[in-house]
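Accompanying notes for the structure given below.
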Amino acid sequence: MSSPIPSTRHPIIPIRSLLPELEGLEAAHKVQVRSVRGRFSRLRLGLLLLTQLVFLGLPWLQINDRQAVRFDLEAQRFHLFKLVLLPQDLIYLTGLLVISALLLFFVTTLFGRVWCGFACPQTVYTQLFIGLEKRFEGERHQRLRLDQAAWGPQKMARRGGKHLAWLALSFWVGLSFVGWFSPMRELGAQLLSLNLGPWEAFWALFYGGFTYLNAGLLREKICQHMCPYGRFQGAMLDADTLLVSYDAQRGEPRGKQTSKSSGACVDCSLCVQVCPVGIDIRQGVQSACIGCAVCIDACDQVMDKLQAPRGLIRYASENGAQAARLGWQLARPRVRIYAGLLLGLCLAMAWGLSQRDELRLDVIRDRGVMARQVDEGAVENIYRLQVVNLSEEARQIRLTLQGLPGAELVGSSSGSNGSTEFRGGEARSLVVAVRLSAPAAAALRLGKSGQGASSPIAFQISNGLGEQVEEPSTFVLPR
Ligand code: SF4
Ligand code: SF4
């Protein structure tokens, strides 16, 4: 007999019956990724650790009492371990960018979007943020349930904890980014004493906010709708490129293994649940696929459980078996062209750097101060010199004058015309006067038959270790 009093308790709905709704919600709002283990997931984790060790750790590394790697924009110098690059060395930075681009084309031609799936900062930080999300909100099914749950203390604590952790990580990423340009150790000390400079604080918050937005909130939408590289990568692929692919011939018809004609795919949807962009690889190669290969790990797990051969989802190409051979891949014309260009550029860069002078000198004749007549008919010209010690060590640099008999250096803004100590990597401006004695000036005028005569001269700097650099200029007589 049924009770006359209506029940006030909510009916108990099995969670399984909610799943379709949860799946619908997920599709509409965000992708909740299921964790998976396997060789490609381990590779991704290894690359995550490596890239973050470089990005977060390198600014802390010191060499000879200074930051080992730093873009010092104020002094216009780039310190790369023992190398000091100046604006004039832009060619090397350009070369580095060209090599990086060629490397990207090279690996994309061979393996599709491996950069996107394994090493792109967007992917790496999304992975890190999902790891933190998992700590606070649990595995995929728990996160889906939490999405559906009404707001209460538990949901607030979990969500709040996750966002605080995301914000802390984002700020640390932002500060580390600033540390590539400003001394990292000073930034750390300033942060501890809550005394961060306004510009440093602005850029740390700006870049940190960017990380929080991209990796925490937008995630795969950046790859799908905003990243330009994802759009033009198609031009680098061909029928031999190895891409993450589903073997439809073997997998279909999918479903329960009821007969011998059943395909190998049991339709467990694990490959979809682990996909960070929320696509189904069984629908064919798609432009949204970032090539992370975690669906290979997921499907391999399923095949292992079923004691079936792995590789229902695997790296494959349109040309099938032929493309899988390393020899064939290396024989492809575009692979050879990229490899040749890469090798040539790397060799040229290495040669250029090995031939680079330790000293650098630029000379500008001061046009604001005209050639002037001084005591007893002698003539003076003023020059502005930029002297740079590109070595890591301090050097005694000596400045001398060549090419004009009777001319001498009479002083500079830094002292005498003798040796001056330059710290490792130091650049200094010197203002020097060149004085031509009265008889030499008269002889020059006579030789040039008239007023406004001029003569070539050269400034030379040497470091006492056999290195010397000469820079030509002109000495003029007053009209
Ligand atoms: S389909 Fe596979 S390789 Fe492509 S993004 Fe999804 S999980 Fe990664
Ligand atoms: S993981 Fe493998 S078996 Fe499961 S649905 Fe995907 S392709 Fe089919």
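We count ligands from 1, going down the list as the structure has it; atoms in each ligand are counted the same way.
Cation-pi geometry between R159 and F136 is not satisfied (NZ or CZ under 6.0 Å from the ring centre, within 45° of the ring normal).
Between R34 and E139, none of the side-chain N atoms (NZ, or NE/NH1/NH2) sits under 4.0 Å from a carboxylate O, so this pair counts as no salt bridge. Checked for salt-bridge contact, D297 and R37 miss the test: no charged N lies under 4.0 Å from a carboxylate O. By the 4.0 Å N-to-carboxylate-O rule, R282 lies close enough to D267 to be salt-bridged with it. Electrostatic pairing of K305 and D300 does not count as a salt bridge here, judged by no charged N lying under 4.0 Å from a carboxylate O. Between E137 and K162, at least one side-chain N (NZ, or NE/NH1/NH2) sits under 4.0 Å from a carboxylate O, which counts as a salt bridge.
Nearest non-hydrogen protein atom to atom 3 (S) of ligand 2 is V266 N, 3.6 Å. Of the protein's heavy atoms, C289 SG, 2.3 Å lies nearest to atom 4 (Fe) of ligand 1. Looking only at protein heavy atoms, the nearest one to atom 2 (Fe) of ligand 2 is C299 SG, 2.4 Å. Scanning the protein heavy atoms around atom 6 (Fe) of ligand 1, the nearest turns out to be C275 SG, 2.3 Å. Residue, atom and distance of the protein heavy atom nearest to atom 8 (Fe) of ligand 1 are C292 SG, 2.3 Å.
Below 4.0 Å from some heavy atom of C271 lie the following atoms of ligand 2, by number and element: 1 (S), 5 (S), 6 (Fe), 7 (S). Residue V294 has at least one heavy-atom neighbour below 4.0 Å for each of these atoms of ligand 1: 7 (S). Within ligand 1, the atoms closer than 4.0 Å to a non-hydrogen atom of A293 are 3 (S), 8 (Fe), numbered from 1 in the order shown. Residue-ligand proximity, C265 to ligand 2, at heavy-atom distances under 4.0 Å covers atoms 3 (S), 5 (S), 7 (S), 8 (Fe). If you number the atoms of ligand 2 from 1 as listed, the ones under 4.0 Å from a heavy atom of R282 come out as 5 (S), 7 (S). Under a 4.0 Å criterion applied to the non-hydrogen atoms of V277, ligand 1 contributes the atoms 5 (S).
Atom CD of E471 and atom CG of L359 lie 12.5 Å apart (nearest 0.5 Å).
The backbone N or O of W351 sits less than 3.5 Å from a side-chain atom of S354, completing a donor-acceptor pair.
Nearest to atom 5 (S) of ligand 1 by heavy atom, out of V274, I290, D280, V31, is I290.
Metal site remark for atom 2 (Fe) of ligand 1: C295 contributes an N, O or S atom at a distance under 2.8 Å. Distance check for C268 against atom 4 (Fe) of ligand 2: an N/O/S atom falls below 2.8 Å.
Here the options are E358, E467, E426, the test is salt bridge (Lys or Arg N to Asp or Glu O under 4.0 Å), and the partner is R395; only E358 passes.
Between Y315 and F40, the distance from one ring center to the other falls under 6.0 angstrom.
In this structure, G251 does not count as a contact residue of ligand 2, since none of its heavy atoms falls inside 4.0 Å of the ligand. Residue contact check for ligand 1: G117 places no non-hydrogen atom closer than 4.0 Å to it.
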